[in-house]
Structure formats: C-alpha cells, structure tokens
Amino acid sequence: MASLSFNPSRIRTSIFNSSKFPSPSKPTTIPFIFPSTKNLPKLHHFRTSSISESSVSTQKEESEVLEDDPTEETSYIDPETDPEGITEWELDFCSRPILDIRGKKVWELVVCDNSLSLQYTKYFPNNVINSVTLKDAIVTISDELGVPLPEKIRYFRSQMQTIITKACKELGIKPIPSKRCLSLLLWLEERYEAVYMRHPGFQKGAKSLLTLDNPFPMELPENLFGERWAFVQLPYSAVREEVSSLETTFIFGAGLDLDLLGIEIDDKTLIPGLTVTSSRATALAAWMNGLEVSAIEADTARACLILSVGISTRYVYATYKKTPVTTNEAEAWEAAKKACGGLHFLAIQEDLNSEDCVGFWLLLDLPPPPV
C-alpha cells in the first residue's frame, strides 16, 4: 500500500513552525475574523462477497466468483467483531449510474461502520424509494447480520435528509448529517471503479441525481468566535499522540483511524493544522464538538478561512488582510494539506504558546464521491 509523503520545501514561503502548536514570529490576530464575516492510496479493505470469512472452505471458490460479480449484493459482518460493539453506522441511499431493464436508474443502499466490520449493499428500483423502504432495510440488516440497531446513523446527502430522518426516528435511531462518513465515502469511490463501471447497466458520464451542496459561506455564530489563530504543523507522530489523548483526557474533539481507512503516513510527515485560541477555550471547544467538523479551507480569493461542518454548512471562520505574504502562506498551507492527501487538524487552546489543547479534531478533506 502506498504511503503518503510530504516535502517541507513546498512550504518554505510560509511561517509554519515544526514545534508543538507554536506561535509564528508574528501571530495572526483575529479582531474581526470571528466577526460578522487525489492522491489517496487504493483501499484494500472492502469486501464485495456476501459470504462471511467464517464460511467453510468448500465455499471458497464460490466466494471468489461472487467477488467478481458487479451485480452481487453485500452482506458481511466480521466474525471476529463483537456485534454489540457496532453502535454507529454510515449510510448512503442514492441512485447509481446504472439502468435497470426498464431503462430507469437503479438506487442502492450502502451501509458500513467506521471500522468496516459491517458492510451491506442492496439495489432498489426507483419506484420504491421512501422512508418505509429504508426503515425495513435497516431492520433487515440488523436481523440478517445479527447486530443491534445502531444508536446513530451518519449520512452525507442533504437531499435524503427527510427520508433518512423519518426512517431513523421511527426506529429510535439518532440521524446525524455529517461528512465525517469517511469509510463510506472511500468505499463509494472504490465501488465506482470496482463495481458500478463493470455493471452491465452502467451509463458512462451519467451524473448523480443528488449532487452534493457547496453553498456560499455564512457568518460565523457568536458562540464559535475565537480571539487569535495561527497556521501550524505537527509531525504525524505528534498528531497520533493528540488523537490518543482524546480517549484518556477530558478534551473535546474527534480522531480518525487512518489504518482502518487504508491510509499510511510516515511518522515524520508534517501535517498542517490551524490553532485557534480563546480565553473561553473550553466553552468554544464544547460548542465545536457538536458540529461534526469536516474540513478547513484557506480561500485566498476571499482572504479567509472556511469551516465546513455537518453536511453542507460552511462558515467564514477567520479573515486576514490580503497581501502577497499572507496569500503565499495560505496557498502554502493548502499545498501542504493536498500533499498529505487532505489530512489536516484543528486545535483549540487558551493561548498560542500553550503546550496543551482543550479541543483537537483530525480532519480529512476528501473530494466528493463520483456517485
């Protein structure tokens, strides 16, 4: 599996430092920032066979045949996983670039958990797409795979919000609109080439009926205001320590298991990030913790930073005076993020010189899936 790499020389025009959450030589202040303003490695985890690994050896040949069949549906649970421990699912319910015998687009339900221990796919005709069909399918997954109904289901298409929300609430499941469905997004990217393009009904060039939103950024809510900010970078080994601390300390945030996502990064690779400080840092981190933060983008045209949360909510998170120096720095930060395959982080601290943070989010800025 290929490893992502990063060349520090690509950001020599920036004022990043490699020490832990350092202050730049001239920290950027934010008096009115919080104002009123693909080169990912190939995945190998995903299983397209409907036969569990616990099947007897006499079924091995049949399993291999099914894996090569793009019309085959998936129903898989890792036999080494405790089903009771799978409490959160990631779900997509959308049309695919495939026509059925009636000449109508086929819809597909794709479900997994973030560790890929659970994987399920099922095709549907376009005339049965409603909350009842989805609710019944969710129950079928639970019954068929012997897993309890999840506590939460994340989904990333705003157009399906009504159907998904209704189906979930009738089953007592909390629906969460979020782009932090990274296992699902990467699986859909893989399925496009491995399954959909090989399907006999595949329609090359067909566009999804449910395109993803990318709305104009809105004014940041007052409770998310910070006081100062700075571009920073950390070696990946230090990033892993911060993510590990989420489980052992009382700080807010969210990590990513890159091993499970099939992404390998060298410990010395420098990961770009943004640190935000506030005298009310803990309260700020607590508010951020409920937003499903997905990405930060440096918009050099508008001289601002864009915070993406939920499915399609975008905020003007920070602004800066547009000069050749600040533009170069913002471009360098984006280049560093791209060189890391979209990996970056957000840290919230009480001040720029602090060695500790009260909030830490590891983020992966992925392109939208091809379906």
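- At a threshold of 4.5 Å between non-hydrogen side-chain atoms, the residues Phe345 and Val232 count as touching.
- At distances below 3.5 Å, at least one donor-acceptor pair connects side-chain atoms of Glu334 with backbone N or O atoms of Ala298.
- Judged purely by distance below 3.5 Å, without hydrogens or angles, the side chains of Thr133 and Asn130 pair a donor atom with an acceptor atom.
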For a side chain to side chain contact (heavy atoms under 4.5 Å, CB included) check, start with the C-alpha distance between Leu220 and Val316, then their side-chain angles and the critical distance, and finish with the verdict. CA-CA 6 Å; Leu220 189 71; Val316 176; 5.9 Å; no
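- Across all their heavy atoms, Asp299 and Tyr320 have their closest contact at O-OH, 3.9 Å.
- Ile311 approaches Ser178 most closely through the heavy-atom pair CG1-N, 3.6 Å.
- Expressed to the nearest 0.5 Å, how far CG of Asn114 lies from CH2 of Trp89 amounts to 13.5 Å.
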Considering only distance and modelled atom types, tabulate donor-acceptor pairs under 3.5 Å from the side chains of residues 138-148, sequence neighbours left out.
{"residue": "Thr140", "atom": "OG1", "partner": "Asp136", "partner atom": "O", "Å": "2.9"}
{"residue": "Ser142", "atom": "OG", "partner": "Val147", "partner atom": "O", "Å": "2.4"}
{"residue": "Glu144", "atom": "OE2", "partner": "Ser75", "partner atom": "OG", "Å": "2.5"}

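- Under the 4.5 Å side-chain criterion, counting only non-hydrogen atoms from C-beta, Gln349 is not in contact with Val358.
- Nearest approach of Leu246 to Gly255, heavy atoms of both residues: CD1-N, 3.6 Å.
- Shown here for Ser117 and Ile86, the closest heavy-atom pair between the two residues is CB-CD1, 4.2 Å.
- Using a cutoff of 4.0 Å between basic side-chain nitrogens and carboxylate oxygens, Asp266 and Lys268 are not scored as salt-bridged.
- Two residues are said to be in side-chain contact when any heavy atoms from C-beta on lie closer than 4.5 Å; Trp187 and Glu190 meet this criterion.
- Side-chain N/O atoms of Asn126 and Arg102 include a donor and acceptor closer than 3.5 Å.
- Considering CZ of Arg180 and CG of Leu291, their distance stands at 11.5 Å, rounded to 0.5 Å.
- Using modelled atom types and a 3.5 Å distance limit, the side chains of Thr71 and Asp69 yield a donor-acceptor pair.
- Of all heavy-atom pairs between Trp333 and Leu274, the closest is CZ2-N, 4.4 Å.
- Partner of Arg240 under the salt bridge (charged side-chain N to carboxylate O under 4.0 Å, His left out) criterion, chosen from Asp259, Asp267, Asp257: Asp267.
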Report all side-chain donor-acceptor pairs from residues 165-175 shorter than 3.5 Å, counting only partners two or more places apart or in another chain.
{"residue": "Thr165", "atom": "OG1", "partner": "Gln161", "partner atom": "O", "Å": "2.7"}
{"residue": "Glu170", "atom": "OE1", "partner": "Lys135", "partner atom": "NZ", "Å": "3.2"}

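- No path of Ile, Leu, Val, Met, Phe, Trp and Tyr side chains, each step under 4.5 Å between heavy atoms, connects Val195 with Leu99, placing them in separate hydrophobic clusters.
- Looking only at side-chain heavy atoms (C-beta outward), Ser308 and Arg314 come within less than 4.5 Å of each other.
- To the nearest 0.5 Å, the span separating CD on Gln119 from CD1 on Ile77 amounts to 9.5 Å.
- Considering all non-hydrogen atoms of both residues, Ala285 and Gly359 come closest at CB-CA, 4.1 Å.
- Using a distance-only test at 3.5 Å, with no hydrogens or angles considered, a donor-acceptor pair links the side chain of Thr249 to the main chain of Ser245.
- Under a 3.5 Å cut-off, the side chain of Lys337 and the backbone N or O of Ile296 do form a donor-acceptor pair.
- Atom-to-atom distance recorded for Glu72:CD and Tyr123:OH is 9.5 Å, nearest 0.5 angstrom.
- Between the side chain of Arg154 and the backbone N or O of Leu182, no donor-acceptor pair lies under 3.5 Å.
- Side-chain contact between Glu108 and Thr121: present, with at least one pair of heavy atoms (C-beta onward) separated by less than 4.5 Å.
- No continuous path of ILVMFWY side-chain contacts below 4.5 Å connects Ile176 to Leu307, so the two sit in separate hydrophobic clusters.
- Here the straight-line distance linking atom CG of Leu256 with atom CG of Leu362 works out to 4.5 Å at 0.5 Å rounding.
- You'll find the side chain of Cys357 stays beyond 4.5 Å of the side chain of Ile348, heavy atoms only.
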Does Leu346 form a side chain to side chain contact (heavy atoms under 4.5 Å, CB included) with Met288? I'd like the steps, not just the answer. CA-CA 10 Å; Leu346 168 66; Met288 292 288 293; 3.5 Å; yes
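- In this structure, CG on Asp113 lies 14.5 Å from NZ on Lys152, to the nearest 0.5 angstrom.
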I would like to know whether Glu331 and Asn328 meet side chain to side chain contact (heavy atoms under 4.5 Å, CB included); could you show each step before the answer? CA-CA 5 Å; Glu331 289 176 344; Asn328 285 342; 3.9 Å; yes
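- Between Pro70 and Tyr196 the shortest side-chain heavy-atom distance does not fall below 4.5 Å.
- Aromatic rings of Phe93 and Tyr155 (six-membered ring for Trp) have centroids beyond the 6.0 Å cut-off, not under it.
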Could you walk me through whether Glu292 and Phe156 pass the side chain to side chain contact (heavy atoms under 4.5 Å, CB included) check? CA-CA 11 Å; Glu292 293 291 314; Phe156 64 89; over 6 Å; no
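- Taking 4.5 Å as the limit, some side-chain heavy atom of Leu261 sits within range of a side-chain heavy atom of Ser183.
- Enclosure of atom CD in Glu350 is not indicated, since only 12 or fewer non-hydrogen atoms of other residues, nucleotides or ligands lie within 6.0 angstrom.
- Clustering ILVMFWY residues whenever any of their side-chain heavy atoms sit less than 4.5 angstrom apart, transitively, puts Leu149 in a cluster other than the one holding Val132.
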